[in-house]
Protein chains: 2
Amino acid sequence: MKRSSRLSIALHALVHLHAQPGKQLSSAALATCLMTNPVVVRRILGELREAGIVDSSKGPNGGWTLSRAATEITLRDVYSALGERMLVRTESDPGDVTCAIVRSVDRVMHDFLDDAEALLAARLQRVRLSDLATDALHAGFPRLD
Amino acid sequence: MKRSSRLSIALHALVHLHAQPGKQLSSAALATCLMTNPVVVRRILGELREAGIVDSSKGPNGGWTLSRAATEITLRDVYSALGERMLVRTESDPGDVTCAIVRSVDRVMHDFLDDAEALLAARLQRVRLSDLATDALHAGFPRLD
DNA sequence: GTTTCATGTAACTTTTATTGTTACACATAA
DNA sequence: TTATGTGTAACAATAAAAGTTACATGAAAC
């Protein structure tokens, strides 16, 4: 696994949950599908649970399920739930910020990134989990535009 | 220094070059300003040189200068020259791509990111190096919208 | 109730990307 | 020809992300 692949993992897991509606899938079972570790699955899905996207239950036959229909879950929901920034923040050295130029560069970049982030979020909102699932299960291709 | 700060470093260096027009600034001098290493400066400015944004000359009194006016250099030029992707790519495990769901997630994400990247580039194109410099040297604030 | 199976989490290790550093070849002006 | 700069390779240090182990806790089934 390379770097920040949490969003990919989350989406993959969600498609699996959607593909077996009503069924409780355990972290271990999902981890096998996602080729990762059960703890990683719990960490990621735990964040989605707090955002009300999935539910979890303990004990025998416990596991994870979708909280609502896949048509009602957008990629933005998932992205926001993970609290990730897709844009790499270009932070400067703390010792650097006494320089007016650095502060200026930082400020401009910060403003730009905030703005761009909002743009991306709006774009992600237009793709639903069900679009992804449709693409994965059939030959169809979700339109992004 | 935290992570991918190459764009910040590049911009900081360019503002310094702009602030002292005609003067050749050495990697060592810039490194002091940027609180980093001369080799790091050369690596980054070297890429900008290939893109025709700066020039370098060797020997005594050698160093770096802007190839053209700061009004003719956009943040997109710099960004493209660095060959960086501001968006974190969410790569999957090579062993994973046999799974139809993973391929689908990858494809949708890939399309989305390509598209978003173009959006960001268009946005960066609207900010010029001179805007940054103006902001850094005076109290003015470059508009992003 | 107790056994079993699952999540919840903390602590630690491994891996990978990025940056920083050292060293030295090569070019150029004085 | 010497001083001063870039160009670049090789390596070390650092930081972020993911993987792993271990164990506490909760809930169903018997």
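Note on naming: letters A, B, ... go to the chains in the order of the sequence lines (proteins, then strands), and numbering restarts at 1 for each one. Side chains included, hydrogens not; waters and symmetry mates left out as well; all remaining heavy atoms used.
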Which whole-number value in Å describes the distance from B/Ile44 CD1 to C/dT19 P?
7 Å
CD of A/Glu47 versus C1' of C/dT7: gap in Å, rounded?
15 Å
Scan for salt bridge (Lys or Arg N to Asp or Glu O under 4.0 Å) pairs involving residues 54-69 of chain A, sequence neighbours excluded, and state none if there are none.
A/Arg68-A/Asp77
Of the listed nucleotides (C/dG20, D/dG19, C/dT19), which one gets closest to any side-chain atom of B/Arg6?
C/dT19
All salt bridge (Lys or Arg N to Asp or Glu O under 4.0 Å) counterparts of B/Arg42, not counting sequence neighbours
none
Calculate the interatomic distance between A/Asn37 atom CG and D/dA17 atom C1'; express it in whole Å.
14 Å
Quick check: does any side chain N or O of B/Arg6 sit under 3.5 Å from a backbone N or O of B/Leu82, one acting as donor and the other as acceptor?
yes
Rounding to a whole Å, what distance do you find between A/Leu7:CG and D/dA17:C1'?
15 Å
Can a donor-acceptor pair be found, under 3.5 Å and without considering hydrogens, that links the side chain of B/Thr36 to the backbone of B/Thr32?
no
Atom CD of A/Gln24 to atom P of C/dT7: distance rounded to whole Å?
9 Å
When you match A/Gly59 and A/Val40 each to their closest nucleotide on DNA chain D, which lands nearer the 5' end?
A/Val40
When you match A/Gly62 and B/Asn61 each to their closest nucleotide on DNA chain C, which lands nearer the 5' end?
A/Gly62
When Ile, Leu, Val, Met, Phe, Trp and Tyr are grouped by side-chain heavy atoms lying under 4.5 Å apart, directly or through other members, which residues fall in the same group as B/Val39?
none
Between C/dG20 and B/Thr36, is there an OP1 or OP2 to side-chain N/O distance shorter than 4.0 Å?
yes
Nucleotide N/O to protein N/O under 3.5 Å, stretch nucleotides 7-13 of chain D:
unit_1 : atom_1 : unit_2  : atom_2 : d
D/dG7  : OP1    : B/Arg49 : NE     : 3.3
D/dG7  : OP1    : B/Arg49 : NH2    : 3.1
D/dG7  : OP1    : B/Ser56 : OG     : 3.2
D/dG7  : OP2    : B/Arg49 : NH2    : 3.4
D/dG7  : N7     : B/Arg42 : NH1    : 3.2
D/dG7  : O6     : B/Arg42 : NH1    : 3.2
D/dT8  : O4     : B/Arg42 : NH1    : 3.4

Atom CE of A/Met35 and atom C1' of D/dG19: how far apart are they, to the nearest Å?
14 Å
Once you round it to whole Å, what is the distance between P of C/dG8 and CG of A/Leu48?
12 Å
Please write out which residues are connected to A/Leu119 in a hydrophobic cluster, directly or through intermediates, given that two of Ile, Leu, Val, Met, Phe, Trp, Tyr count as joined at side-chain heavy-atom separations below 4.5 angstrom.
B/Leu119
Would you kindly give the CG-to-P distance between A/Leu34 and D/dA18, to the nearest whole Å?
13 Å
Below 4.0 angstrom from OP1 or OP2 of C/dT7, is there any side-chain N or O of A/Ser27?
yes
Looking at residues at least two apart in the chain, or sitting in another chain, which of them share a salt bridge (Lys or Arg N to Asp or Glu O under 4.0 Å) with A/Arg128?
A/Asp131
